[in-house]
Every structure is written in structure tokens, then in C-alpha cells.
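Data first, discussion second: the structure below is written as C-alpha cells.
What you see below is based on every heavy atom in this structure, not just the backbone, and it leaves out hydrogens, waters and symmetry mates.
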Amino acid sequence: MENNILLNQPFDTPYQTPPFSKIKLEDYKTAFITAIEEAKKEIDEITNNPEKPNFKNTIESLAQNGEKLSRISSIFFNLNSAETCDELQQIAQEVSPLLSEFNSDVKLNKELFQRIKKVYDNQDKENLTPEQKELLKKTYKGFSRNGALLSEEKQAELRKIDNDLALLSLQFGQNVLGAINDYTLHLTNENDLKGLPEDEINNAKETAEAKGLDDWAITLQMPSYLGFMKYAENRELREKLYKANGSKAFQDNKFNNTENVLKIVKLRYERANLLGYKTHADFVLEERMAKSPEKVKTFLNDLLEKSKSFAVSDVKELADYAKQKDGISEFMPWDHAYYEELYKKEKFDLSEQELKPYFKLENVVNGAFQVANKLYGLEFKEINNIDVYHSDVTTYEVIKNNKVIGIFYTDFFPRAGKRAGAWMTSYRDGHYQNNEHKIPQISIVCNFTKPTATKPSLLTFNEVTTLFHEFGHALHGLLANTQYEGLAGTNVSWDFVELPSQFMENFCYEPEALALFAKHYETGEIIPQKLIDKIIASSQFMEGYQTVRQLSFGILDMAWHTENPTLIENIDDFETKAFKETQVYPKIEGTNMSSAFSHIFQGGYSSGYYSYKWAEVLDADAFDFFKQNGIFNKEIADKFYKILSSGGTIDPMILYKEFRGQEPTNKALLKRAGLIND
């Protein structure tokens, strides 16, 4: 056991960072079992403490419980997302029930809850700080909302549900990744590449080589898929690829998620009922800014009402253009990205390919760092003494006032072992222990276009905004200045968590910010003002369509989690009905969104997908405040810094009103999207 590096914590590494290269696959399961046992003993010490329950010996002790287990879990599950393999996936299946059981053991521990309740009921007798009060409230609710008040019989039911849900969620994600890796569009005829830019062709060639194939290969990894859908002239192949992507984890094969979706929503509903809630959404939203399903539905429907006509108009305009240009009589969803790119080039004299040379990955990363420097006085220093799990990963010290306040990892390119999409994650959230600051260790993981033998990684503008988005999440984690880990960084209300990320995207449209990093990778020329003007002019292009598309995902999520799912027999019929009001293209037989909707069936966004739009209202309102006073205004940046550093220690609406001086309105969002006039 002494050779199991995962159990030798704190790690003897720079900044106690994970020693990836020294971890053996066989270490994980033993480490989980041992760390769970240790955490159980710590819980016993809290419950058997003969002293009268108080904040320090109960709430604070519980907040620090299982630190070793937490570290092992963060390392393991982050790798299972970013650099997985069959063995890791197998271990995940084996340890998830153990973790679920331990979590249930803690949440359903009667003696422990009685101690917590005594502290909660007598909190006025202790001189608690606002942060301690917040931790106490969240701890109490974390127990009372998750079964502590149930009878033993019902607690046993809850344990089984939580265990089943943990495994189903894991299986769902593995199926989506398996379906993505299982599909290849192998091209052997050069004519099929017509329309594709040189770098897309080079990527397709390198993808084929990596798969042991001749000629070219297109996959369902996002850079490959989107590049082909945007530029390939061959309409039949676009249709084929669109249908392959739309049917992933929905086909009649081993990756099918249909049953998993139904099982997950039924178990969530059953769980909510068991805990005294009408639906899963009622349970989830009680602890969010929105508070209720009714408020979320009103919010989504209000935006839908304001944007639907714009979406219909956008698609009609594109369809008319395709008909006039190529005689397309029936405009279909696999035509959208292709004609949008052509039309944008014609309408605004702007193409993605024209912009890409100005967005070399390293320059964009440096630009994000410079924006953070101007706003918050941060410096990012690349270092090579931090162990990484893959050669694509780069590490940085994050410095403020000459002091290292965090470690930052970046991982930018697609691989077979990495799930699709982009995300921020943490190996350790910042907190204080024995007056020592345990600095946060934060990572962003993306799937951007890889460099080729002849060109560096040149980002599409959409990839630029994605990088800034994830970097915004990272700043939320890196600037955490809270006593307790459970309240640090992104441990905030779920419909507040996207504010810092979406706020950062705004800088990608600002000449003052673009001048810092948008430089031609060959000549070093700063992006010309005429191109910036075109980016700004085109920023509202198809925004009605994009708004409705995003709303449709939120509406689908709410449909799954606000109705009685025991009556649902066919997930495709259910989804079609949920999408009815947002449908601007015909339904394509054989495709289904839900079967691969990882955000809500694998990630933590169930009954929470609306939060992207909710946070857009906040970010547009917040950035409008900067725009009125200068985008790098130090005084306002200091106020926004408080939002980032406070984590979950203050109610989000109070925090936002302190920053803005008023509650947010959706006026700035609708104006930015071109859905209302000034």
C-alpha cells in the first residue's frame, strides 16, 4: 500500500499537484477503497464526539471530511473525461457504486444529521461569520433535501436509486463517446473534398493516417464534423454526416442510450417524489436563482416569444439564398452551416478562413491572459515542472501581487480518449487549512483544430469565444478566496455559474481586446479594423436562429424533468413534442438529441440547461456596465472581481446587485442579439 502514490497525500510534488506519471491503473480501486474507509472513520469521529455539537466540531469537521477521497476522485474522473481507456471505464463502473454508497451513508447518517440540526437550530448562540453561516445553511439543506428526514425504509430506496443513477449516468457518457469513436466517414475520391479549405483537408488526411486508413477521414469529433458541414460542397455527404451525428447513441447497436434516458428520468422522478417534491425540476430549482419550474418556463417562453419570428426569418433568408444560388428547393438542416458560411462571406465580405490566420492558438491564449491582467492584475507564467497526463497539456503558475495564487492546466486538442466538447474542471478548489492557503488547481479542456505538419493551430472565431468562455470559468476557480473548499470558485448556484464564462466572451468582439492578440500568424500584423467591423456587424447574423436553438435545449430539458416520465414510452415521440414550438427545420427521421444530450444525462445540467440563457441575461447586463465606462475600467473590474472571488459564500442576486447597483434586465441581451432596437 505504501507504494500507492494516490494514498501518499499531500503529494510530494510542486504545489501538491497530481503526480500523473507515477499513478498506475491498478492504484485507483485500492486507493478509492482505502480512502472511503478513512473518510468513514472521520465521520465516526464527528458523530461520536462527546462534546456538545458546535460549528467547529461538526460543520467545519464535516467540510474537511474525505479530503484524500476528494482528491483521488477529482484525478480519476477528470482523466476518465479527458484521457480515458477501457481499463479506466471499467474501474469507473466498479467504483461508482462504492462512492454512491458512501455518499448515501453520510447523507443518511441519523446521528450526524442530529448534530448538524442542533448546530443549525442554535446558530444564533455562536458568533459565526457570514461565510460560516452560508456553509451551515448549505450543509443542513444538503442533508435535509437528500433524505436525512426519511424513514429507514425510504432511505434504503433512496440509496438504491442514487446507486443506479450513478451507474446509468456513467454508461450514458461511455455510450456517447463510444458512438463518436465508432463512426468514420472515409473519403477516397478527391472530388468529395471540394469546398474544404487546405487546413481541413490536411486534418482529414492526418485523421485517416491516425486511423490506419488511406486518403481522408472525417469523424464526429467537433472540429472535424463542423469543418465538413461548413465547407463541403457535396450535399449528399453533408446529409450522411449530419444523420450520423444526429443519430449517435440512438442507433440499434451497443451504444444505444434510449433505455438509459428513460431509466434516468424515471429514477430522478421517483427520487424527487420520495423526497417530497412533485418533480425532479422542483427538487433541483429550489436551490437555484430561478427557484421554480414555472419561473424557468416563463423565462424561456418569454425569450422564445421575442425571438421565434427572427429565427423563422433567418432560416427563410438562408433558404432563399440557397435556392437562388444552387437551386435548393427543400432547405434542410445539413444545409444550414454550409450556406450560412457562404452567405456570411457574401453579405459581410467575411469568411472564417479569412479570420483564422489572426487566431493562432498560442496568441489567443496569451490574449486571454492579457485581458485577465488588465482586469485583475494576473500574470500567467508557463512552467515545466508540473506533471501532466498527456503531452498536449501545458501548465502555468497564476501570479497576483508577486504571489502564486493558483495552478492552471490547458488541454486543447481532440483525442480518442477525450469526450467531445469543452469544459473547465478542478483538481483542487482553493481554500484555507490551518491558516495555509491551499491554492486552486484548475484545468480547461477543449477540442480545437490540431496543428498540422505545415500550420500551427489556427482557431475559428467560434473556437476563440469557446476558449474565452472556458477561461472565464477558470478565473472563477483560480480567484477563489474562500475559507472552505465547498464554497470556492464555481461551487455556486448553477444558474449563476455561467456568468463569469459568458462575460469573458464579450471581449472577443472588442477592438481594444482584439488588438492584444489577434495577430496574423505569418506577418504579425494586428487584425485590421475593417475585419473587426465585419466581426461586429456579423455578430447578430442568424442570432434569432441561434437563440431559438439554445432555448430549444432548455425547453427539452425542462420537458424531461417537469412531467411524469412513467407515462413516456418513446423518447423520440416525446422529444418531437417538446421541440414543437422551437422547430424551424423539419424533423429528420432516425435522429434524436436526447440520446446524446450529455449535459443533462451525464453532466450536472438536468433542470439547469436554461442557465446558459439565464446567465446570458446577466453577462450582457454586466458587460453593458463595462461598455458604458470602459471595458478595462479598473473600478468596475474590482467590483466584478468580488463576484469571482466570493464563490458561493454570498447569495448570487445580492452579489450581482452589489456589483451592478440594480437587478439585471434582459434588455441588454435582446439589444446585443439584435432582437430589439435601442
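Geometric assessment of Lys639 against the ring of Phe659 yields a negative cation-pi assignment under the 6.0 Å and 45° thresholds. A cation-pi arrangement is found for Lys400 relative to Tyr641, the charged atom lying closer than 6.0 Å to the ring centre and inside a 45° cone about the ring normal.
Side-chain contact between Arg145 and Tyr277: present, with at least one pair of heavy atoms (C-beta onward) separated by less than 4.5 Å. When side chains are defined from C-beta on, Phe11 counts as touching Arg71, because their heavy atoms get closer than 4.5 Å. At a threshold of 4.5 Å between non-hydrogen side-chain atoms, the residues Leu165 and Arg268 count as touching. Gln132 has its side chain out of reach of Leu487: every pair of non-hydrogen atoms, C-beta onward, lies at least 4.5 Å apart.
Side-chain atoms of Asn122 never come within 3.5 Å of backbone atoms of Lys125 as a donor-acceptor pair (strictly under, hydrogens ignored). Distance alone, capped at 3.5 Å, is enough to place a donor-acceptor pair between the Asp387 side chain and the Phe20 backbone. Side-chain atoms of Glu60 do not come within 3.5 Å of backbone N or O of Phe55 as any donor-acceptor pair. Between the side chain of Asp429 and the main chain of Gly486, no donor-acceptor pair closer than 3.5 Å is present. Formation of a donor-acceptor pair under 3.5 Å by the Asn146 side chain with backbone atoms of Gly142 is found in this model. Here the side chain of Asn54 pairs a donor or acceptor atom with the backbone of Asn57 at under 3.5 angstrom. A donor-acceptor contact shorter than 3.5 Å is absent between the side chain of Gln441 and the backbone of Ser426. Looking only at distances, a side-chain donor or acceptor of Asn629 sits under 3.5 Å from a matching main-chain atom of Phe625. The main-chain N or O of Tyr120 is found under 3.5 Å from a side-chain atom of Gln123 such that the two form a donor-acceptor pair.
Using a cut-off of 4.0 Å between Lys/Arg side-chain N and Asp/Glu carboxylate O, Lys642 and Glu658 are scored as salt-bridged. Electrostatic pairing of Glu134 and Lys137 counts as a salt bridge here, judged by a charged N lying under 4.0 Å from a carboxylate O. By the 4.0 Å N-to-carboxylate-O rule, Lys291 lies too far from Glu286 to be salt-bridged with it. A salt bridge does not link Glu83 to Lys418: none of the charged side-chain nitrogens sits closer than 4.0 Å to a carboxylate oxygen.
Ring planes of Phe380 and Phe369: parallel class, angle under 30° (limits at 30 and 60°).
A side-chain donor-acceptor contact under 3.5 Å links Glu397 and Tyr15. Side-chain atoms of Asn103 and Asp162 include no donor-acceptor pair closer than 3.5 Å. With hydrogens and angles left out, the side-chain atoms of Asn78 and Ser81 include no donor and acceptor closer than 3.5 Å.
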| Candidate pair Tyr269 and His280, rule ring-ring contact (aromatic ring centres under 6.0 Å, His included), full reasoning | CA-CA 5 Å; Tyr269 179 74; His280 178 67; 9.9 Å; no

| Does the ring-ring contact (aromatic ring centres under 6.0 Å, His included) test come out yes or no for Tyr605 and Tyr612, once each step is laid out? | CA-CA 10 Å; Tyr605 279 84; Tyr612 283 104; 5.1 Å; yes

| said: Could you walk me through whether Phe113 and Tyr140 satisfy the ring-ring contact (aromatic ring centres under 6.0 Å, His included) test, starting with their C-alpha distance in whole Å, then the side-chain angles of each, then the deciding distance to 0.1 Å, before giving a yes or no? | reply: CA-CA 8 Å; Phe113 181 60; Tyr140 177 77; 5.7 Å; yes

| request: For ring-ring contact (aromatic ring centres under 6.0 Å, His included), just list the numbers for His437 and Tyr432, CA-CA rounded to whole Å, side-chain angles, deciding distance to a tenth of an Å, and then say yes or no. | output: CA-CA 4 Å; His437 187 210; Tyr432 285 85; 4.7 Å; yes

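In the displayed structure, Lys110 atom NZ is contacted under 6.0 Å by more than 12 heavy atoms of other residues, nucleotides or ligands. Applying the 6.0 Å contact sphere to CD of Glu635 captures no more than 12 heavy atoms from other residues, nucleotides or ligands. Within 6.0 Å of CG on Asn385 lie more than 12 heavy atoms contributed by other residues, nucleotides or ligands. Heavy atoms from other residues, nucleotides or ligands lying under 6.0 Å from NZ of Lys627 number 12 at most. Annotation: Asn48, atom CG; neighbour count of heavy atoms from other residues, nucleotides and ligands within 6.0 Å is above 12.
In this structure, Tyr427 has its ring center closer than 6.0 angstrom to the ring center of Tyr409.
The structure places OG of Ser645 at 12.5 Å from CG of Leu478, a figure rounded to the nearest 0.5 Å. In this structure, the separation between CG on Leu375 and CZ on Phe626 is 6.0 Å, given to the nearest 0.5 Å.
Under the salt bridge (charged side-chain N to carboxylate O under 4.0 Å, His left out) criterion, Asp638 pairs with Lys634, sequence neighbours left out.
Screening Asn273, Leu275, Leu274 for a side chain to side chain contact (heavy atoms under 4.5 Å, CB included) involving Arg271 leaves a single residue, Leu275.
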